[in-house]
Protein chains: 2
Amino acid sequence: MNSNRSNVPQGGRESSDLPAQSPQANRESETEQRILDAARQVFILNGFSGARMQAIADKAGINKAMLHYYYRNKQKLFDAVFTEALGKILHVVFAIVESDAPLDDKIPLFFNEYIGILQRHPHMPAFVVNEVNQNGNWLPEIFKKHGVHKPKKLLQQFAEIYQQPELDCPRPEHLMVNMLGLALFPFLAAPLLKRVLNMDDADFAAFLEERKTHLPAFFQQAIKTT
Amino acid sequence: MNSNRSNVPQGGRESSDLPAQSPQANRESETEQRILDAARQVFILNGFSGARMQAIADKAGINKAMLHYYYRNKQKLFDAVFTEALGKILHVVFAIVESDAPLDDKIPLFFNEYIGILQRHPHMPAFVVNEVNQNGNWLPEIFKKHGVHKPKKLLQQFAEIYQQPELDCPRPEHLMVNMLGLALFPFLAAPLLKRVLNMDDADFAAFLEERKTHLPAFFQQAIKTT
DNA sequence: GCAGGCGTCAACCAAATGGTTAAACCCTTT
DNA sequence: AAAGGGTTTAACCATTTGGTTGACGCCTGC
């Protein structure tokens with residue numbers, strides 16, 4: 001689909017997913033937003049190297065040259081999409097995780113909110129994980145840009161639990177990683193899990209919904225010290 | 001790197017990672033194995049669409065045409081690599097998970113063994129997750145080929161714990177997913193975690209090692225019913 | 001020692017792909 | 001209504017890339 005031999009005219013709107021609109025009779029640069037939306041979809045679905053500029057242009061319903069007009073090249077466009085995507089995810093997590101709420105409130109809140117976002121952007125985690133693994137060079141930049149830092153508050157709260165060392169006291173980092181992993185993993189491995197557990201999309205959606213209540217119980221039981 | 005303009009001779013060995021060997025004076029098709037090894041490295045590092053046949057040939061120290069001689073095309077070569085990779089992972093997990101060992105033995109065994117394999121193939125999870133998310137069509141085939149099925153034994157064991165419903169009884173599937181996620185997630189998100197938690201490679205290796213003992217404790221505490 | 005075939009290679013090819021260009025388009029300003 | 005500038009387009013280009021081809025080498029069996 002969307003093939004386009006070289007030296008052959010392009011730019012028809014026939015394959016656009018968005019409703020054709022009278023071009024450019026819009027408010028300030030709606031085009032730019034349509035490009036971003038289209039790019040996000042294509043990049044998330046195919047990854048950086050799998051994404052095709054033509055596919056993005058088609059999905060946005062514009063000429064390929066426009067992509068380079070607004071974003072100089074593929075990498076720049078990708079960076080815009082990715083930075084926004086990763087930023088959105090990180091921002092929400094950190095807002096919850098670094099809040100002043102007591103741990104007993106924070107844990108259910110985290111699982112509820114976080115799984116909630118992920119349900120609305122189910123492909124985000126795999127996308128981010130994939131690209132970060134293939135090229136993590138720009139991570140520092142993005143982290144700086146979004147003010148991401150070691151979540152000291154949460155780690156501190158975890159550390160306090162084990163003041164009286166009844167259980168072997170784990171590094172609080174483990175608990176944080178566990179928390180993230182428990183929430184994120186089903187989204188990362190969704191296709192595999194569906195297949196192994198014999199679930200269709202509806203089953204899986206219900207399964208994820210259950211986890212919003214299961215995970216807080218599971219996690220809080222795991223760190224109970226009494 | 002490894003650029004190669006069209007119509008320009010290729011096939012020098014200068015960029016091979018393997019020691020140059022006298023060609024073809026070897027036992028039955030060592031070449032095939034070298035191709036597989038090289039392909040695995042390149043595919044795992046770059047994904048399907050990011051991998052270049054030329055890069056694989058270079059890494060294997062052979063001519064690009066050989067790739068097509070042994071494996072008709074890129075997809076076939078990828079399938080061979082991927083099937084082997086996913087199979088290896090699934091096989092070990094299922095051997096442990098579906099054994100007759102009692103749950104209290106099985107849980108530490110699982111975390112130990114599984115994290116152990118993953119330490120030796122740290123990029124495998126991200127690779128599998130990525131490709132499975134971008135194209136899960138051939139999952140059924142691979143699953144059939146490796147005899148992967150719903151792990152009934154483990155799920156049964158999980159279900160038995162909650163016979164007396166003191167805690168709210170979660171679907172045993174949740175516990176299985178939790179187990180997998182806890183073990184796998186750090187490998188999937190390694191670059192992110194290193195950055196967020198301020199760990200260098202040595203720190204992170206130690207962190208993973210700790211998890212072999214932390215996770216059984218964490219998990220068993222979480223499912224304790226008394 | 002020569003016929004046949006597997007393995008290997010340099011060279012080649014067509015399509016795909018990211019990127020560029022020059023002209024048009026349309027709205028605003030004067 | 002003409003000038004001017006941001007926006008959009010069709011056509012084009014250079015390079016990359018997966019894949020093919022024809023020949024050569026070398027070992028084996030006769």
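Below, read A as the first sequence line, B as the second, and so on, with proteins coming before strands; counting in each chain starts at 1.
Between the P atom of D:dG6 and the CD atom of A:Glu32 lies a distance of 15 Å, rounded to the nearest Å. For the pair B:Ile62 CD1 and C:dA10 C1', the computed distance is 14 Å after rounding to whole Å. The CG-C1' distance, from A:Leu67 to C:dT17, rounds to 13 Å in whole Å. One interatomic measurement links the two molecules: NZ of B:Lys64 to P of C:dA10, which rounds to 12 Å at whole-angstrom precision. Rounded to whole angstrom, the span from the CG atom of A:Asn63 across to the P atom of C:dT21 amounts to 15 Å.
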- Can you check salt bridge (Lys or Arg N to Asp or Glu O under 4.0 Å) on B:Lys194 and B:Asp201, steps first, answer last? CA-CA 8 Å; B:Lys194 283 181 198 167; B:Asp201 289 345; 3.0 Å; yes

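At a non-hydrogen distance threshold of 4.0 Å, A:Tyr69, A:Tyr70 from residues 68-79 of chain A come into contact with DNA chain D. The stretch residues 43-53 of chain A has no heavy atom under 4.0 Å from DNA chain D, so no residue of it qualifies as close.
The two residues B:Leu208 and B:Pro186 come nearest to each other via the heavy atoms CD2-CB, 3.8 Å. Across all non-hydrogen atoms, the minimal contact from B:Val177 to A:Phe207 is CG2-CZ, 3.7 Å.
A:Phe110 contributes atom CZ, which lies 7.0 Å from atom CD1 of A:Ile96 (distance to the nearest 0.5 angstrom).
The pair A:Glu30-A:Arg34 counts as a salt bridge, with a side-chain nitrogen and a carboxylate oxygen less than 4.0 angstrom apart. In summary, A:Lys76 and A:Asp79 do not engage in a salt bridge, as defined by a charged side-chain N under 4.0 Å from a carboxylate O.
Taking every side-chain heavy atom of A:Thr31 into account, D:dT8 is the closest of D:dT8, C:dG19, C:dA10.
For A:Asp200, the side-chain contact (heavy atoms from CB on, under 4.5 Å) partners are A:Ala202, A:Asp203, not counting sequence neighbours.
A:Phe127 and A:Phe78 have perpendicular rings, their planes meeting at more than 60° on a 0 to 90° scale where under 30° would count as parallel.
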